[in-house]
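Order of the sequence lines sets the chain letters (A, B, ...), proteins ahead of strands, with each chain counted from 1.
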Number of protein chains: 2
Amino acid sequence: MKSQPRPTLHDVAAQAGVSIATVSRVLNGGARIRPETAQRVQEVVRALGFRPNRMGRDLRRGQSRAVGVLLPTLANPVFADSVSGIQEAAREAGWTVLITSSDYDPAQERAAMEGLLAERVAGLIVTVADAERSPTLDALDEAGQPYVLFHNESPFPERASVAVDNEAAGADAARALIAQGHRRLAMVAGRFLASDRSRRRHRGFMQAVAQAGLPAPALIEADFNAEAAAALGGVFTASGRPTGLFCSNDLLALRTIAGLRALGLAVPGDVSVIGMDGINVGQLISPSLASIVQPAREMGRRAFLHLLARLAEASPPAQIRLSHRYRPGQSLAAATPQE
Amino acid sequence: MKSQPRPTLHDVAAQAGVSIATVSRVLNGGARIRPETAQRVQEVVRALGFRPNRMGRDLRRGQSRAVGVLLPTLANPVFADSVSGIQEAAREAGWTVLITSSDYDPAQERAAMEGLLAERVAGLIVTVADAERSPTLDALDEAGQPYVLFHNESPFPERASVAVDNEAAGADAARALIAQGHRRLAMVAGRFLASDRSRRRHRGFMQAVAQAGLPAPALIEADFNAEAAAALGGVFTASGRPTGLFCSNDLLALRTIAGLRALGLAVPGDVSVIGMDGINVGQLISPSLASIVQPAREMGRRAFLHLLARLAEASPPAQIRLSHRYRPGQSLAAATPQE
DNA sequence: GGAAATGATGTAAACGTTTTCATTTTCATA
DNA sequence: TATGAAAATGAAAACGTTTACATCATTTCC
């Protein structure tokens, strides 16, 4: 079955005995049309199953009611959920969403962004590795492309963003561990402190620990792909090993727990672990994962809405901070007194 | 900073002292152009940072080198991975991917599909709840819209599809349990046997069990959102309760295991569990999740490539079956002899 | 009852490309 | 050098919309 040509404005106009301009006006509203004419047109539109051709419309308008989204990966549920939020808000507004992912690779990040620009998206929602030093962002600025940072925070106030307060989140993670009596802490970060997210969480974590008068936590950098156990080994064979661990995201926390298990350490028996993101599976597993929860879906919604506002020049760039919250889990238990 | 107007073919043509037709030809290749002219044009293109406007191009071509993807949800990693595969293949081919999700809701499914059609995508990759009875698919057929079923299998050979052999997968799950000495089995499905995937897996599972001469397994329908424990309670309080459980997907398996735990049953101590999909987190948790693995990413790639072939009318509709495989996990252990 | 204002609709240009067809240039051959 | 085929390029139409402007019909007001 070959797809027969879809009806155009001309077909509708001919059938309804009016001009294409009138049809267009009926469809777009806002113009004065005689009610009976409007109704007749509507009927033909329905009868023919007419849908405006987006290409013609966009070309004429000079804008494609589409936003581009650039994320590290969809494999991390926190991003998948964020995307759902974006899509939800976009659908309500009648916009289209183009999604690309960078797999944490700067080259792919740049290429994906170029692709979105070629698509003539009206604006972008981007999560970059490091918003404080990003060629990708510089290129966007230079091109004058409107965008909203997502999950990133920028030191430049003219760069709009939607994120949680990662520094405060790191601090809250520390306090959650400390409140359960943990005194020797450590943080596990992905292969980057080349990530502003990780860095901020780390900074907040360190500050809260220092404020509590505790010794400075070790920082364990564990490559996402390598065996987490290897990286953990160094810190955990030493005497006086940490009893409380903050992992910079939940997926990493799961890997870390698996690594600890491989080392013969029990969670939370020997070590308590808290992650960040609040992914759903964290609550299904045993021990359930304590985490600093990000409102991923809501963040997506807000990012889209803020971008829309920016595009309409209805609002100046804002650095929107949504609030995170601590979700207890079995992976974070009270420190054993003798430790 | 306002985005200044991007250069068009006209700008390039003027600057290079040729006509827009020549520029177009240089860019699209396939036409005979004097090398020196081509080079001059290329230089101007680079200098001006010209990128062809997709709207103009698509409008003229009458086709929007874009494919639409309709999935139940991105929250299930098996779909997120599938999308990555699609995007990867699409990027290589220079196509754009539009993603929508239905959240398992027929109304949203239909609405999302309408949205994609309005977008004038060239073709669709769709996962529907039930491919054997789907108004959505009927509508697509009627509109003459090319599409490829994804994760679905259709009884109609003219409907192209890319999926694993779900029936065989169900059978393999049964055999994996049986091979470990389990004799009393049950299957847990989501809120639907209104899903062809679940039905096929169920059918294969039942057949393999019957073939082994074992009593027919109970079917437990557990709403995804409700407490799985409730649904499980009925089967597991009775004497002679099952020792082997096949869950129709991994996410459901995780929920089920949590439900069993709530009932005071240990996995795999009291009950062995095998899921399906092979999501990554399954290998991070403890006990690790035994599963029938789908090659999600590869399925995505193949779905896109097959759709492309169909669009080019380079191949007739095929029902492509990719092979699944059994991945052992700690959640499936040998049955205790006395059981 | 006529002028002016208002309301409804039509005409045509424009958006940036690709592509058909016509035209010019090039170059080998007679 | 004249001829013509082949190669290179240009002119213009078309894709389906939106919208400024023009036009026509209707009402309103004196």
Side-chain angles (χ1 to χ4, degrees), chain A residues 3-42 44-45 48-66 94-96 117-122, chain B residues 3-42 44-45 48-66 94-96 117-122:
Chain A
S3 95
Q4 62 198 14
R6 295 187 150 266
T8 74
L9 270 189
H10 286 92
D11 301 324
V12 177
Q15 186 102 11
V18 296
S19 74
I20 60 168
T22 300
V23 180
S24 176
R25 283 189 271 252
V26 169
L27 263 49
N28 292 294
R32 279 169 303 218
I33 299 284
R34 193 141 39 118
E36 46 201 4
T37 310
Q39 187 179 345
R40 189 154 33 100
V41 169
Q42 294 282 18
V44 177
V45 164
L48 264 52
F50 170 82
R51 304 187 140 286
N53 181 318
R54 196 76 88 140
M55 305 174 219
R57 167 178 289 188
D58 289 349
L59 176 59
R60 168 61 219 225
R61 284 182 173 160
Q63 204 208 43
S64 71
R65 272 166 164 54
W95 281 59
T96 303
L117 291 196
E119 217 57 57
R120 289 295 197 284
V121 293
Chain B
S3 95
Q4 61 199 18
R6 291 187 154 267
T8 74
L9 272 189
H10 286 91
D11 301 324
V12 177
Q15 187 105 10
V18 295
S19 76
I20 61 168
T22 300
V23 179
S24 176
R25 282 189 272 252
V26 170
L27 262 49
N28 292 295
R32 280 171 304 219
I33 298 284
R34 191 137 43 117
E36 46 200 2
T37 310
Q39 186 179 345
R40 189 154 34 101
V41 170
Q42 293 284 18
V44 177
V45 165
L48 264 52
F50 171 81
R51 305 188 138 285
N53 181 319
R54 196 74 92 137
M55 306 172 217
R57 165 178 291 188
D58 289 350
L59 176 58
R60 170 60 221 226
R61 285 182 173 159
Q63 207 210 40
S64 73
R65 272 164 164 57
W95 281 58
T96 303
L117 292 196
E119 218 57 55
R120 289 293 197 283
V121 292

Inset, instruction - Taking the side chain as every heavy atom from C-beta outward, state whether R6(A) and N53(A) have any pair of such atoms under 4.5 Å apart. - result: no
Inset, instruction - Indicate whether OP1 or OP2 belonging to dT18(D) is found under 4.0 Å from a side-chain N or O atom of N28(A). - result: yes
Legend entry - Distance test, side-chain N/O of R57(B) to OP1/OP2 of dG16(C), below 4.0 Å: no
Inset, instruction - Calculate, to the nearest 0.5 Å, the distance between atoms CG and CZ belonging to L117(A) and R54(B) respectively. - result: 12.0 Å
Inset, instruction - Round to the nearest Å and state the distance from R61(A) atom CZ to dC15(D) atom P. - result: 21 Å
Inset, instruction - May I ask you to evaluate whether T8(A) reaches the phosphate of dC15(D), defined as a side-chain N or O under 4.0 Å from OP1 or OP2? - result: no
Legend entry - Close residues, residues 13-21 of chain B, relative to DNA chain C [heavy-atom separation under 4.0 Å]: I20(B), A21(B)
Inset, instruction - Output yes when at least one side-chain N/O atom of S24(B) is less than 4.0 Å from OP1 or OP2 of dT17(C), else no. - result: no
Legend entry - Candidates dT17(D), dT9(D), dG16(D) - which lies nearest the side chain of P52(A): dT17(D)
Legend entry - Gap between atoms CG and C1', on L59(B) and dT18(D) respectively (whole Å): 13 Å
Inset, instruction - Respond yes when some side-chain nitrogen or oxygen of T22(A) is under 4.0 Å from OP1 or OP2 of dT9(C), and no when none is. - result: no
Legend entry - Protein-nucleotide distance (R34(A), atom CZ; dG10(C), atom C1'), rounded to Å: 13 Å
Inset, instruction - Choose from dT19(D), dT17(C), dT9(D) the nucleotide whose nearest atom is closest to any side-chain atom of F50(B). - result: dT17(C)
Inset, instruction - Measure from CZ on R32(A) to P on dA5(C) and round the result to the nearest Å. - result: 15 Å
Legend entry - Closest to the R25(B) side chain, choosing from dG10(D), dA8(D), dG16(C): dG10(D)
Legend entry - Position toward the 5' end of DNA chain C (nearest nucleotide), H10(B) or T37(A): T37(A)
Inset, instruction - Look up atom CG in L27(B) and atom CG in L9(B), then write down how far apart they are to the nearest 0.5 Å. - result: 7.0 Å
Inset, instruction - Please confirm whether any donor atom in the side chain of R60(B) sits under 3.5 Å from an acceptor in the base of dT17(C), or the reverse. - result: no
Inset, instruction - Using side-chain contact (heavy atoms from CB on, under 4.5 Å) as the criterion, point out the one residue from V41(B), D11(B), I33(B) that pairs with V23(B). - result: V41(B)
Inset, instruction - Evaluate side-chain contact (heavy atoms from CB on, under 4.5 Å) for T37(A) paired with R40(A), printing each intermediate quantity in order. - result: CA-CA 5 Å; T37(A) 310; R40(A) 189 154 33 100; 4.1 Å; yes
Inset, instruction - Run the numbers on R57(B) and N28(B) for side-chain contact (heavy atoms from CB on, under 4.5 Å), then give the verdict. - result: CA-CA 11 Å; R57(B) 165 178 291 188; N28(B) 292 295; 3.6 Å; yes
Inset, instruction - Check the distance between dT19(D)'s P and L9(A)'s CG and give it to me in whole angstrom. - result: 12 Å
Legend entry - Distance in Å, Q63(B) CD paired with R120(B) CZ, rounded so as to fall on 0.5 Å steps: 12.0 Å
Inset, instruction - Using whole Å, report how far CG of D58(A) lies from P of dT18(D). - result: 10 Å
Legend entry - Rounded distance [0.5 Å steps], OG1 in T8(A) versus CZ in R51(A): 15.0 Å
Inset, instruction - Rounded off to whole Å, could you give me the CE-to-P distance for the M55(A) and dA14(D) pair? - result: 19 Å
Inset, instruction - Please state how far atom CD1 in I33(B) lies from atom C1' in dT26(C), giving the value in whole angstrom units. - result: 15 Å
